[in-house]
There are 2 protein chains.
Amino acid sequence: MNKDALTSEFLEALTNASRKIRTAFNQRVTAHGLTYPRARALLRLSKKPGMTQSELACELELEQATMVRILDRMEEHGLVERQPDPKDRRAKLIVLTPRGTEQAALVTSIGHSMRLEIFADINSEDIAAGIQLLNKLGERAMLMEDLRDLT
Amino acid sequence: MNKDALTSEFLEALTNASRKIRTAFNQRVTAHGLTYPRARALLRLSKKPGMTQSELACELELEQATMVRILDRMEEHGLVERQPDPKDRRAKLIVLTPRGTEQAALVTSIGHSMRLEIFADINSEDIAAGIQLLNKLGERAMLMEDLRDLT
DNA sequence: CACATATAGTTAGCACCCTAACAATTTTGA
DNA sequence: TCAAAATTGTTAGGGTGCTAACTATATGTG
């Protein structure tokens with residue numbers, strides 16, 4: 001098979017795997033008012049509370065506008081609180097509520113069991129190689145995005 | 001590094017790479033009224049015209065409801081037409097318009113050059129290994145989705 | 001035949017994700 | 001100093017993706 005067909009097939013596999021894993025995760029946590037992106041935010045915040053929205057968005061590699069919506073919903077569900085930053089009146093510090101902390105623990109446990117199941121018969125070397133590959137591709141794509149600014 | 005942390009990192013890399021590649025592609029084709037999912041549909045249709053919506057959704061591994069809206073927009077942009085199926089009055093056959101055929105060719109060329117750039121310094125063996133891995137994970141996740149029905 | 005069931009497509013509603021444009025505030029530099 | 005530039009968060013609008021519920025048509029079974 002030539003390389004072009006191979007890369008095409010790779011992107012199809014990437015798209016489909018990504019969507020299916022996200023959907024499967026969502027199905028397992030929707031009962032708790034959670035979703036995949038909310039769970040990611042929850043875990044980051046439980047490790048490093050008091051970040052601004054921009055910092056959190058940057059760590060999750062999301063746009064600020066996307067972060068706003070997700071935090072809106074998380075606040076509605078009582079998972080996080082926006083507190084004014086005493087150092088900068090523009091910024092808001094995001095902290096977990098007690099309920100948010102509980103849910104973070106739940107997410108950790110659900111995520112753990114899902115990953116065990118999904119990666120059951122796959123060895124660590126293949127996973128590590130996959131990470132290398134995906135990060136390389138992601139970086140490439142990010143550089144391509146930035147080209148847009150040079151017009 | 002233990003395997004759990006490795007799988008966690010893999011999913012982060014998967015999520016980010018998938019989003020960035022999709023975004024980069026969208027940025028390159030939006031000027032032509034196209035998007036990533038529309039491009040996928042266009043290419044399938046150019047290879048096999050006259051499919052029903054269900055068949056197309058199945059090949060693209062999307063839900064029917066998702067397919068409906070994508071085809072709505074493609075029809076609005078004059079890329080495809082819905083024709084009645086003489087064999088089944090419920091079904092509709094999707095065919096490319098002349099403009100759709102043109103755009104399919106354009107997508108082919110843009111996709112080709114993007115893949116060349118993204119996969120420039122990655123060898124075919126690694127790509128093939130990645131496909132194997134992603135397909136295995138996608139299949140696992142799909143099986144997990146179906147478990148939902150057994151409650 | 002008649003009724004139950006299955007299938008094709010649609011609509012509605014929720015959640016993401018992005019870009020573009022905006023207000024408030026802070027920082028920078030002439 | 002003080003106006004220009006950068007940054008923080010927001011809203012608006014477009015485009016996925018899903019599930020659930022609905023209509024119309026086909027099919028299968030008694």
Side-chain angles (χ1 to χ4, degrees), chain A residues 15-16 18-31 33-41 51-58 60-77 82-94 141-142 145-146 148-149, chain B residues 15-16 18-31 33-41 51-58 60-77 82-94 141-142 145-146 148-149:
Chain A
T15 300
N16 287 326
S18 177
R19 190 169 49 224
K20 279 173 190 156
I21 291 172
R22 172 169 32 87
T23 300
F25 184 88
N26 281 340
Q27 285 178 348
R28 304 228 165 170
V29 297
T30 38
L34 293 173
T35 63
Y36 189 45
R38 288 178 200 173
R40 288 179 74 211
M51 281 188 283
T52 64
Q53 298 188 190
S54 295
E55 285 169 353
L56 183 56
C58 182
L60 298 177
E61 304 199 55
L62 294 174
E63 295 303 314
Q64 281 193 10
T66 302
M67 200 72 255
V68 167
R69 295 291 173 91
I70 292 174
L71 288 172
D72 284 349
R73 302 294 160 79
M74 290 177 76
E75 205 169 18
E76 286 168 17
H77 282 81
R82 286 170 160 112
Q83 295 180 351
D85 182 346
K87 303 280 177 64
D88 185 339
R89 279 188 296 170
R90 293 170 306 179
K92 295 175 183 175
L93 304 181
I94 311 299
M142 194 167 51
E145 284 182 46
D146 294 343
R148 172 179 63 87
D149 299 331
Chain B
T15 300
N16 287 326
S18 177
R19 191 169 46 224
K20 279 173 188 155
I21 291 172
R22 173 170 31 86
T23 300
F25 185 88
N26 282 339
Q27 284 178 347
R28 305 229 163 170
V29 298
T30 38
L34 293 174
T35 63
Y36 189 46
R38 288 177 200 173
R40 288 179 73 210
M51 280 188 284
T52 65
Q53 298 189 191
S54 295
E55 285 168 353
L56 183 54
C58 182
L60 298 177
E61 304 199 55
L62 294 173
E63 295 302 314
Q64 280 193 13
T66 302
M67 199 72 255
V68 167
R69 255 198 323 217
I70 292 174
L71 289 172
D72 284 349
R73 302 292 159 82
M74 291 177 75
E75 204 169 19
E76 286 167 16
H77 281 81
R82 286 170 160 111
Q83 295 180 350
D85 183 345
K87 303 278 178 64
D88 185 340
R89 278 188 297 171
R90 293 170 306 179
K92 296 175 183 174
L93 304 180
I94 312 299
M142 194 166 52
E145 285 182 47
D146 294 344
R148 173 179 62 87
D149 298 331

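All chains are named by letter (A, B, ...) in the order of the sequence lines, taking the proteins before the strands, and each is independently numbered beginning at 1.
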What is the distance from CD of A:Gln83 to P of D:dG9, rounded to the nearest Å? 13 Å

How close or far is atom P of D:dC18 from atom CG of A:Asn16, stated in whole angstroms?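 These atoms are roughly 10 Å apart.
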
Over all strands shown, is [X] touching base, sugar-phosphate only, or nothing at heavy-atom distances under 4.0 angstrom?
| X | answer |
| --- | --- |
| B:Thr66 | base |
| B:Asp88 | sugar-phosphate |
| A:Asp85 | nothing |
| B:Arg69 | base |
| B:Gln64 | base |
| A:Thr52 | sugar-phosphate |

Which of these nucleotides, [options], is closest to any side-chain atom of [X]?
| X | options | value |
| --- | --- | --- |
| B:Ala65 | C:dA12, C:dG9, D:dG9 | C:dA12 |
| A:Glu63 | D:dT25, C:dC18, C:dT10 | C:dC18 |
| B:Asp72 | D:dT10, C:dA8, C:dT11 | C:dT11 |
| B:His77 | D:dG15, C:dC17, D:dT10 | D:dG15 |

Whether [X] contacts [N] is assessed here as follows: a side-chain N or O lying under 4.0 Å from the phosphate OP1 or OP2. Is that the case?
| X | N | result |
| --- | --- | --- |
| A:Thr23 | D:dG17 | no |
| A:Arg22 | C:dC16 | no |
| B:Lys87 | D:dA26 | no |
| A:Arg38 | C:dA15 | yes |
| B:Gln27 | C:dC18 | no |
| B:Lys20 | C:dC18 | no |
| B:Thr35 | D:dG14 | no |
| B:Arg89 | D:dA26 | yes |

For A:Arg90 and for A:Arg82, locate the closest nucleotide of DNA chain D by heavy-atom distance; then report the residue assigned to the nucleotide nearer the 5' terminus. A:Arg90

So, for [X] and [Y], which heavy atoms are closest and what is the spacing to 0.1 Å?
| X | Y | value |
| --- | --- | --- |
| A:Arg38 | A:Gly33 | NH1-O, 3.0 Å |
| A:Thr30 | A:Gln27 | OG1-O, 3.5 Å |
| B:Ala24 | A:Ala141 | CB-O, 3.9 Å |
| B:Leu60 | B:Arg40 | O-NH2, 3.1 Å |
| B:Asn26 | B:Thr35 | OD1-CA, 3.5 Å |

Before accepting this row, confirm whether a basic side-chain N of the pair A:Glu61/B:Lys20 lies closer than 4.0 Å to the acidic partner's carboxylate O. yes

